[in-house]
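In what follows, every chain begins at residue 1, and chains take the letters A, B, ... in the order their sequences are listed.
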Number of protein chains: 2
Amino acid sequence: MPKILVVEDEPDMLRGLRDNLAFEGYEVVETSDGNEVQRLVGSEQPDLILLDVMLPGMDGFEVCRQLREAGYTTPILMLTARSQEIDVVRGLELGADDYITKPFGVRELLARIKAALRRGGGVEGMTEHLRIGEAEVDLLRGQVRRAGRTYPLGHYESEILRLLTERAGQPVTRATLLDKIWGTDAFPTDRTVDNHIVSLRRKIESDPRQPVHILTVHGVGYKFIP
Amino acid sequence: MPKILVVEDEPDMLRGLRDNLAFEGYEVVETSDGNEVQRLVGSEQPDLILLDVMLPGMDGFEVCRQLREAGYTTPILMLTARSQEIDVVRGLELGADDYITKPFGVRELLARIKAALRRGGGVEGMTEHLRIGEAEVDLLRGQVRRAGRTYPLGHYESEILRLLTERAGQPVTRATLLDKIWGTDAFPTDRTVDNHIVSLRRKIESDPRQPVHILTVHGVGYKFIP
DNA sequence: GGGTCATGCCAAAGATCCTGGTCGTTGAAG
DNA sequence: CTTCAACGACCAGGATCTTTGGCATGACCC
């Protein structure tokens with residue numbers, strides 16, 4: 001079950017959040033001190049952070065900024081009584097994923113948590129390292145490892161694979177691939193896309209003639225299945 | 001620039017949204033008919049959907065449900081005057097990524113759109129996007145943008161730059177670069193490294209003959225200065 | 001300042017990637 | 001079942017990347 005870090009200095013609020021989250025089955029780690037957050041994120045590896053803005057000492061905005069600067073991508077939901085637009089904008093621009101103003105209903109909070117966890121854990125395109133069947137894909141290095149062999153991924157192969165995984169489960173047209181990847185710099189033909197797909201299958205699929213992950217959607221384009 | 005599908009039946013609201021989004025640089029596709037949405041998502045492949053809940057005919061909840069059921073993972077932001085908790089929860093549980101109640105500020109809306117786009121496909125780790133002087137480096141795509149031009153980064157150029165930036169401030173020997181990047185697969189000469197450095201400087205430094213970031217440490221190797 | 005070694009720059013060759021065309025196979029529609 | 005369009009597989013040519021070697025320039029030491 002997902003682990004949630006709750007950062008809240010009001011004892012009653014902290015207890016309320018902890019109890020409700022625990023009742024929902026989440027594992028809860030808590031602190032009331034903004035200075036503790038980064039250490040806890042590093043050691044506890046939570047799946048989501050509920051972050052009160054008005055903390056003593058380092059406030060929630062600063063905590064969020066530092067986490068993002070340090071490279072953490074954990075979903076952050078800010079909680080606060082400060083509901084002015086400028087505060088909302090500030091929190092979201094600092095890198096928060098959602099901004100919930102008090103008072104809020106527990107059901108709404110839980111629904112927003114679920115929405116954030118749904119995105120944070122389920123989308124495969126968010127990461128540069130992928131496991132696709134037996135293949136380990138490193139999009140950063142442009143490399144696939146499968147069955148004891150290492151295959152290089154060219155620039156365009158990487159881009160195509162990335163777009164398909166970002167849109168896992170949904171058909172992507174060749175026109176979209178051409179538009180999003182080649183843009184207005186070049187105008188290759190559909191055949192170019194097809195060739196790259198064949199090459200990707202050869203590198204990734206256990207049996208390229210019977211692909212399991214990189215599927216053709218006849219008359220539409222291609223689809224990625226995780 | 002990202003493409004946004006706006007689903008809104010009030011003409012004034014639709015115009016307002018369209019104008020503001022276009023002003024921000026987004027490409028806007030619009031419809032006032034919930035029955036059109038799935039077709040448009042398929043044909044236009046928007047990066048995000050702004051979905052009014054109270055539409056004539058098929059309402060926003062049903063549109064959202066059908067999109068998710070069909071496997072589309074495009075971020076959906078619901079807009080509505082219905083701000084009861086039960087509606088918020090319903091929208092989020094149907095698969096919306098955010099639920100924004102009218103009236104809302106344009107700045108808040110834009111910030112939430114950016115947050116959703118950031119998560120949806122634009123989130124890159126901190127080490128993959130670098131700003132080096134005037135140059136914007138995208139290690140994931142193997143690309144440098146500087147002075148209005150775009151330069152490709154080859155596989156090895158990217159690897160060298162990545163290692164140097166990971167060890168910013170420290171001199172890195174050619175032997176280390178060769179060992180860490182080429183390993184035991186190949187045994188190129190020092191000259192190979194030197195040539196890649198020259199190429200990197202040409203792409204990244206404002207004045208490659210007087211480098212500020214990718215420096216030579218005489219008799220040792222090279223050093224990156226942020 | 002002079003000598004020596006390290007590094008920048010350049011050119012060319014080889015390897016790899018990308019692209020388009022052709023032909024055979026497959027899928028979908030009538 | 002037949003027909004036609006879509007797609008897979010393959011091949012070859014052109015573009016780009018990587019590597020090596022040679023020469024010029026710069027840095028360092030005496």
With a 3.5 Å cut-off and just heavy-atom distances, do the side chain of A:R202 and the base of D:dG8 make a donor-acceptor pair? no

Rounded to whole Å, how long is the line connecting atom CG of A:D194 with atom P of C:dT19? 12 Å

Could you check whether A:R90 makes a cation-pi contact with A:F61, meaning its NZ or CZ is under 6.0 Å from the centre of the six-membered ring and within 45° of the ring axis? yes

Distance check needed: D:dG8 P versus A:I197 CD1, whole Å only. 8 Å

Nearest whole angstrom, please: distance from the P of C:dT19 to the CG of A:L177. 13 Å

For A:R191 and D:dG14, give me the distance from atom CZ to atom P, rounded to whole Å. 20 Å

Short N-O contact, B:E136 and B:R131, less than 4.0 angstrom: yes

Per the atom types in the model, does the base of C:dG20 pair as donor or acceptor with the side chain of A:N195 at under 3.5 Å? yes

Carboxylate-amine/guanidinium contact A:R145 A:D138, below 4.0 Å: no

Expressed in angstrom and rounded to an integer, what is the separation of A:L200 atom CG from D:dA9 atom C1'? 15 Å

I'd like to know if B:R201 reaches the base of C:dG8 with its side chain, counting only an N/O donor and acceptor under 3.5 Å. no

Between C1' of D:dC17 and OH of A:Y156, the distance in whole Å: 13 Å

Look at B:W182 and D:dT18 and indicate whether a side-chain polar atom (N or O) is within less than 4.0 Å of OP1 or OP2. no

Could you point out which residue of A:T192, A:D179, A:D194 forms a side chain to side chain donor-acceptor pair (under 3.5 Å) with A:R174? A:D194

Side chain of A:P152, heavy atoms from C-beta onward: which of C:dT7, D:dC7, C:dC17 has the nearest atom to it? C:dC17

Note: A:K203-A:E157 ion pair, threshold 4.0 Å (strictly below): yes

Phosphate OP1/OP2 of C:dC17 contacted by A:H196 side-chain N/O (<4.0 Å): no

Check whether any side-chain nitrogen or oxygen of B:T216 sits under 4.0 Å from OP1 or OP2 of C:dG8, and answer yes or no. yes

Mind calculating the distance between CD1 (A:I181) and P (C:dT19) to the nearest angstrom? 10 Å

From B:L117, B:D47, B:L48, residue fulfilling side-chain contact (heavy atoms from CB on, under 4.5 Å) relative to B:Y26: B:L117

Mind checking if A:V217 touches a base, just sugar-phosphate, or nothing, with heavy atoms under 4.0 Å? sugar-phosphate

Does some side-chain heavy atom of B:N35 sit less than 4.5 Å from a side-chain heavy atom of B:V63? no

Any N or O donor-acceptor pair linking the side chain of B:R209 to the base of D:dT25 at under 3.5 Å? no

Side-chain N or O of B:Y222 closer than 4.0 Å to phosphate OP1/OP2 of C:dG8: yes

Quantified as the angle between the terminal helix axes (five pairs each), what is the overall bend of the helix from C:dG1-D:dC30 to C:dG30-D:dC1 to 10 degrees? 50°

Please state how far atom CD in A:Q210 lies from atom C1' in D:dA9, giving the value in whole angstrom units. 16 Å

Report which part of the nucleic acid B:T192 touches: base, sugar-phosphate, or nothing (heavy-atom distance under 4.0 Å, all strands). base

Give a yes or no answer on whether the side chain of B:R65 reaches the backbone of B:L94 with a donor-acceptor pair at less than 3.5 Å. no

Ignoring the backbone of A:H155, work out which of C:dC18, D:dT19, D:dC7 is nearest its side chain. C:dC18

